[in-house]
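Written out below as structure tokens is the structure these notes cover.
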There are 2 protein chains.
Amino acid sequence: MTTAQRPTLEAVARLAGVSRATVSRVVNGSTTVAEPIQEAVRRAVAELGYVPNLAARTLVTQRTDSFALVLPEAATRVFSDDQVFPGIIRGVGQELEAADKQLVLMLAGSPAGHARVERYTSGRHVDGVLFASLHGADPLPGKLARLGIPVVCSGRPLDGAEVPYVDVDHVGGVARAVRYLIDSGRRRIATMAGPQDMVAGIERLVGYRETVAAAGLPELVAYGDFTRESGTAAMRQLLAEHPGLDAVFAASDLMAHAALRALREAGRHVPDDVAVVGFDDIETAAYTEPPLTTIRQPIVELGRAMTRQLLRIAAGETVEQALLLPTELVVRDSA
Amino acid sequence: MTTAQRPTLEAVARLAGVSRATVSRVVNGSTTVAEPIQEAVRRAVAELGYVPNLAARTLVTQRTDSFALVLPEAATRVFSDDQVFPGIIRGVGQELEAADKQLVLMLAGSPAGHARVERYTSGRHVDGVLFASLHGADPLPGKLARLGIPVVCSGRPLDGAEVPYVDVDHVGGVARAVRYLIDSGRRRIATMAGPQDMVAGIERLVGYRETVAAAGLPELVAYGDFTRESGTAAMRQLLAEHPGLDAVFAASDLMAHAALRALREAGRHVPDDVAVVGFDDIETAAYTEPPLTTIRQPIVELGRAMTRQLLRIAAGETVEQALLLPTELVVRDSA
DNA sequence: TTGTACGCGTTATCAG
DNA sequence: CTGATAACGCGTACAA
């Protein structure tokens with residue numbers, strides 16, 4: 001192994017003719033060092049190509065300057081083409097980069113993976129942890145928070161833990177969409193709900209229920225898991241159980257996309273016979289046949305907001321327990 | 001800050017009634033420790049909830065047990081819905097998890113981001129670096145390799161550096177697809193090429209050129225950047241310049257998707273008037289109108305293979321300079 | 001087989 | 001404003 005010995009503080013100090021302590025001060029931007037000395041130190045640093053050893057620094061400062069983003073790999077969504085997780089990753093990455101922190105990505109699929117995440121994060125190998133959209137009532141966020149480790153979730157923790165979270169306004173967005181359908185004269189509005197062990201699935205269904213109930217309309221529900229396959233099945237089920245439906249709100253664009261095709265195969269015309277609204281506004285939504293009316297969620301911004309909250313917590317500030325990002329109805333041709 | 005003091009080796013040693021060194025041996029799986037003592041140490045570890053301090057360990061072992069995956073954030077592709085980068089991330093994550101290593105994700109979009117990546121990786125804060133599909137001739141991989149830092153790229157480095165890489169067989173896949181078009185009787189086969197500063201863009205064009213040339217057919221080329229927008233523009237351009245074309249090979253499924261729509265708008269029927277073949281086999285490909293015939297690339301496997309190579313290099317082994325993963329033609333209805 | 005003692009590269013405290 | 005010097009927590013020759 002070509003272990004080209006890296007220069008240390010010591011080496012820089014010798015070259016600059018000062019003490020290690022002084023070099024450290026300059027490197028860390030202390031203002032209490034005379035200008036000419038700073039100059040000399042900086043020259044030495046440049047000449048030697050000195051780069052601080054993070055491990056040594058961490059050992060004494062107790063900070064790692066890195067944050068973990070935990071993704072539930074099991075969720076097929078992670079790598080389906082809805083861009084939810086890539087979007088979150090990007091937002092988190094942007095905000096961490098701005099703060100000069102590292103992003104440690106942990107895919108927690110298997111039980112073994114989950115145990116690994118627990119061991120690693122609770123071992124304080126990172127300064128804070130971001131949880132993206134967990135399934136079920138994962139106790140880990142609450143556990144870490146109780147250990148005093150900064151934690152932020154995307155979506156309200158389902159186990160009721162008092163962990164700060166950021167989420168998009170599912171309920172508000174869905175309510176707007178369903179009201180839009182009602183205002184367009186639709187009266188038999190069905191929904192293809194998402195998985196009920198995920199906040200996004202739960203809240204989008206709540207939004208639907210509240211709105212149709214308020215309008216005195218019937219609830220027509222089928223369940224899916226956000227994927228296209230499940231959307232196809234759910235659409236067929238709805239058609240079989242409620243042949244008279246005149247609109248469908250799908251809890252994800254992928255399910256809406258599948259619904260479009262299933263409706264066509266069933267001989268229904270969109271939007272004349274049946275109006276379809278999705279949720280997410282993935283890129284494909286503008287290219288479906290017909291282009292999909294959907295609810296846009298600010299997914300990159302979600303990642304950024306989570307990260308900002310986490311950084312504030314890590315800095316010792318207190319943050320609001322919940323933060324809700326606005327969603328927006330994007331009207332195209334399917335409704 | 002709730003800095004619940006973590007137990008150290010020292011504490012475990014006291015509780016178990018042995019020396020620090022012995023505890024260290026047990027923790028690191030040395031076999032030279034008497035069984036009863038191992039037992040006692042393990043009990044103490046469990047009781048105290050001891051977790052090794054990675055920074056301290058890194059300081060002495062010179063290993064960080066973490067690897068960086070560098071993504072060019074600027075590429076709009078990263079967060080378009082083609083799943084290329086998510087797929088790579090997943091593959092890398094799986095393989096690193098199996099090796100009990102951490103994944104540090106670095107989005108290198110801006111020049112500042114690039115500098116940051118260089119500083120971080122050349123500072124040996126990771127045990128190795130994976131580069132995903134760079135634009136242009138980035139000198140960083142070569143530079144790191146020369147510093148003795150394990151590096152693996154996805155795709156042949158464009159600056160000619162002798163860095164090991166893994167890639168999918170672009171040329172072979174495209175050749176098969178184009179021959180398939182020829183065998184179907186198509187004679188005026190156009191291509192919508194990808195960006196020529198990326199290996200994937202270059203090689204896919206090469207595959208097209210070699211195959212049409214070998215068949216004595218004309219080259220009909222328009223350029224895009226893998227996105228749908230660029231696909232729309234390229235398709236219109238091709239139609240204007242070569243109204244007689246009877247087939248199109250698009251260097252990405254997104255461009256192919258856009259081509260489908262552009263062709264429909266131009267009154268051409270797919271596949272009767274014009275056959276369309278894409279590249280990637282994204283999930284959407286099975287849901288386009290008509291479903292897209294395309295070349296499937298094993299993208300998750302690409303991530304895994306890159307990681308395996310990197311781990312081998314980091315372990316001191318030597319690996320083959322290039323590794324090519326097979327691609328496969330998936331025939332649906334568009335050609 | 002076990003323990004002692006040193007060193008890894010920094011930051012922080014405290015004199016000067 | 002600068003320089004010794006003591007931690008930080010661990011792995012590992014070396015000695016016992």
Side-chain angles (χ1 to χ4, degrees), chain A residues 1 3-42 44-45 48-66 100 120 122-127, chain B residues 1 3-42 44-45 48-66 119-120 122-127:
Chain A
M1 307 256 239
T3 329
Q5 207 57 296
R6 299 167 51 187
T8 70
L9 261 196
E10 181 67 43
V12 177
R14 262 201 311 273
L15 181 59
V18 296
S19 74
R20 277 206 322 262
T22 299
V23 177
S24 175
R25 292 191 185 98
V26 174
V27 169
N28 292 294
S30 165
T31 50
T32 70
V33 178
E35 187 49 50
I37 294 200
Q38 291 202 30
E39 219 5 69
V41 170
R42 262 190 273 278
V45 165
L48 265 41
Y50 168 76
V51 183
N53 180 317
L54 292 193
R57 178 179 284 171
T58 294
L59 195 53
V60 46
T61 60
Q62 308 279 36
R63 286 179 304 101
T64 65
D65 288 327
S66 64
D100 203 31
Y120 192 77
S122 67
R124 294 178 187 276
H125 299 320
V126 288
D127 294 346
Chain B
M1 307 257 236
T3 328
Q5 207 57 297
R6 298 168 52 188
T8 71
L9 261 195
E10 180 68 42
V12 176
R14 263 201 309 273
L15 181 60
V18 296
S19 74
R20 276 210 324 263
T22 299
V23 178
S24 174
R25 291 190 185 100
V26 174
V27 169
N28 292 296
S30 165
T31 50
T32 71
V33 177
E35 186 49 51
I37 294 199
Q38 291 202 29
E39 229 350 82
V41 170
R42 262 190 273 279
V45 165
L48 265 43
Y50 168 76
V51 183
N53 180 316
L54 292 192
R57 179 178 280 172
T58 293
L59 197 51
V60 46
T61 61
Q62 306 280 36
R63 285 180 304 103
T64 65
D65 287 328
S66 64
R119 186 161 41 79
Y120 192 78
S122 66
R124 294 179 186 273
H125 298 321
V126 288
D127 294 346

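We name chains A, B, ... by the order of the sequence lines, and we start the count at 1 in each one. Note that the coordinates shown come from a computational prediction; the quantities given were computed from them, not determined experimentally. These values consider heavy atoms only, across backbone and side chains, with no hydrogens, waters or symmetry-generated copies.
If you measure from atom CG of B:D65 to atom C1' of D:dC10, you get 14 Å, rounded to the nearest angstrom. Spacing between atom CG of A:L9 and atom P of C:dG7 amounts to 18 Å, rounded to whole angstrom units. Rounding to whole angstrom units, CG of residue B:L48 and C1' of D:dG9 are separated by 15 Å. D:dC10 atom C1' lies 8 Å from atom CG of B:N53, rounded to whole Å. Separating the CD atom of A:Q62 from the C1' atom of C:dT11 is a distance of 11 Å, rounded to the nearest angstrom.
Among C:dG9, C:dT1, D:dG9, the nucleotide with an atom closest to any side-chain atom of B:T8 is D:dG9. Here C:dT10 is the nucleotide among D:dT12, C:dT10, C:dT2 with the atom lying nearest to any side-chain atom of A:R20. Ranking D:dC10, D:dG3, D:dC1 by closeness to the A:S19 side chain, first place goes to D:dG3. With C:dT1, C:dT10, D:dT2 as the candidates, the nucleotide lying closest to the side chain of A:I37 is D:dT2.
The bend of the helix from C:dT1-D:dA16 to C:dG16-D:dC1, defined by the angle between the axes of its first five and last five pairs, stands at 40° to the nearest 10°.
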Measure all distances between protein nitrogen or oxygen atoms and nitrogen or oxygen atoms of nucleotides 14-16 of chain C, and list the pairs falling under 3.5 Å.
none

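At the heavy-atom level, B:A34 lies under 4.0 Å from the strands shown only through sugar-phosphate atoms.
When the side-chain nitrogen and oxygen atoms of B:T22 are compared with OP1 and OP2 of C:dG3, one or more of them lie within a distance under 4.0 Å.
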